[in-house]
Peer 1: 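Sharing a structure here in structure tokens format.
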Amino acid sequence: MARPMLIAGNWKMNGTRAEAADFLSKLRGLKPDARPGRQLLICPPATLIGEMAKPLAASGVLVGGQNCHPGVNGAFTGDISAGMLRDLGSSHVILGHSERRAMHGETDQLVHVKAMAARRHGLIPIICVGETLAQREDGQAEAVVREQVRTSVPDGIEGDALVVAYEPVWAIGTGRAATLDDIATMHHIIREALAGKSDGAACGLIIYGGSVKPNNAAEILSLDLVGGALIGGASLDAGDFMAIADAT
Ligand code: PGA
């Protein structure tokens, strides 16, 4: 059986309705084929999830959010709940991206409760972990990532309902992806850290993010423990996104 692969696009704060329409029409033209085990996912800004859900589904692509609030509803101005994302048709939600950790002060504990909220509403959390350049240079990368997995990932999530994304902060948006050795080593460490939590989580998908492009996707995605990619910049272009997906 083909091994499961998740190719996920993180649009961040990019995309107007016109740009989304353009992306969708290019994607339609590329006719993504349904490959066994491969899931394609686009996480646009929340403003576009509703209108992209159906056309993406018609191309066999899932839609997801980039963040959610841990609560159900209430006086949380500007926030969006997991249930609301689900209501728009989302299957996944990215949580604890390093940009949210750095710019919005998100802690492992907050990511943990957000992930539980996501599961309560039937969403698959994509929990991001990864060291900064300073932490790597200080020899702390493995310890940092182990601790992030230990604290951010709730116990007992079934393996097929959990994705952990290894995203070294210094590789995001820099054009400098981690080396294959570093990616393989860190995926192994994450696998171990998940196995230490519960049997279920041990089966969760681990994906790599950080400057994944059409020209480096094949070698990254061919690594044994790599279960897919989280793609920022290159996912804004339907051609690049599909070139990466087809490198699986
Ligand atoms: P990048 O972003 O592909 O633009 O490096 C990855 C991410 O932040 O998820």
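Order of appearance sets the numbers: ligands from 1, and atoms from 1 within every ligand.
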Peer 1: Using a 3.5 Å cut-off on N or O atoms only, is K12 in polar contact with ligand 1?
Peer 2: yes
Peer 1: Kindly indicate, with the supporting measurements, whether the criterion side chain to side chain contact (heavy atoms under 4.5 Å, CB included) is fulfilled by E142 and E131.
Peer 2: CA-CA 8 Å; E142 296 186 10; E131 78 286 358; over 6 Å; no
Peer 1: With only distance considered, is I231 within less than 3.5 Å of ligand 1 through an N or O on each side?
Peer 2: no
Peer 1: What is the closest protein heavy atom to atom 4 (O) of ligand 1, and at what distance does it sit?
Peer 2: G233 N, 2.9 Å
Peer 1: For R17, does the CZ atom sit with more than 12 other heavy atoms under 6.0 Å from it, leaving out its own atoms?
Peer 2: no
Peer 1: Considering heavy atoms of the protein only, find what lies nearest to atom 3 (O) of ligand 1 and give residue, atom and distance to 0.1 Å.
Peer 2: G232 N, 2.8 Å
Peer 1: Would you mind running through ligand 1 and noting each atom that sits below 4.0 Å from a heavy atom of G210?
Peer 2: 5 (O)
Peer 1: For ligand 1, which part of I172 has a heavy atom less than 4.0 Å away: the side chain, the backbone, both, or neither?
Peer 2: both
Peer 1: Give the C-alpha distance, both sets of side-chain angles, the deciding distance and a yes or no for side chain to side chain donor-acceptor pair (under 3.5 Å) between R101 and S152.
Peer 2: CA-CA 12 Å; R101 290 177 185 264; S152 306; 3.2 Å; yes
Peer 1: Just heavy atoms, cut-off under 4.0 Å: does A171 contact ligand 1 by side chain, backbone, both, or neither?
Peer 2: backbone
Peer 1: Applying the 4.5 Å side-chain criterion to the ILVMFWY set and letting contacts propagate, would I127 and V169 be lumped into a single cluster?
Peer 2: no
Peer 1: For G209, state whether at least one heavy atom is located under 4.0 Å from any atom of ligand 1.
Peer 2: no
Peer 1: At a 4.0 Å threshold, what atoms of ligand 1 neighbour a non-hydrogen atom of H97?
Peer 2: 7 (C), 8 (O), 9 (O)
Peer 1: Could you state whether L180 and V145 fall into the same hydrophobic cluster, counting links through intermediate Ile, Leu, Val, Met, Phe, Trp or Tyr residues with side-chain heavy atoms under 4.5 angstrom apart?
Peer 2: yes
Peer 1: Does K213 reach ligand 1 with a nitrogen or oxygen that is under 3.5 Å from one of the ligand's nitrogen or oxygen atoms?
Peer 2: no
Peer 1: If we ignore hydrogens and angles and just use 3.5 Å, is the side chain of W11 paired with the main-chain N or O of G232 as donor and acceptor?
Peer 2: no
Peer 1: Apply salt bridge (Lys or Arg N to Asp or Glu O under 4.0 Å) to E147 and list each qualifying residue two or more places apart in sequence or on a separate chain.
Peer 2: R150
Peer 1: Quick one: does any side-chain atom of Y166 pair with a main-chain N or O of P168 as donor and acceptor, under 3.5 Å?
Peer 2: no
Peer 1: Does the pair R38/D33 count as a salt bridge with the N-to-O cut at 4.0 Å?
Peer 2: yes
Peer 1: I need the nearest protein heavy-atom contact for atom 9 (O) of ligand 1: residue, atom name and distance, please.
Peer 2: E167 OE2, 2.7 Å
Peer 1: Decide whether an N or O pair under 3.5 Å exists between G173 and ligand 1.
Peer 2: yes
Peer 1: T174 to ligand 1: N or O pair under 3.5 Å?
Peer 2: no
Peer 1: Mark up the atoms of ligand 1 that fall under 4.0 Å of a heavy atom belonging to N10, in ascending order.
Peer 2: 9 (O)
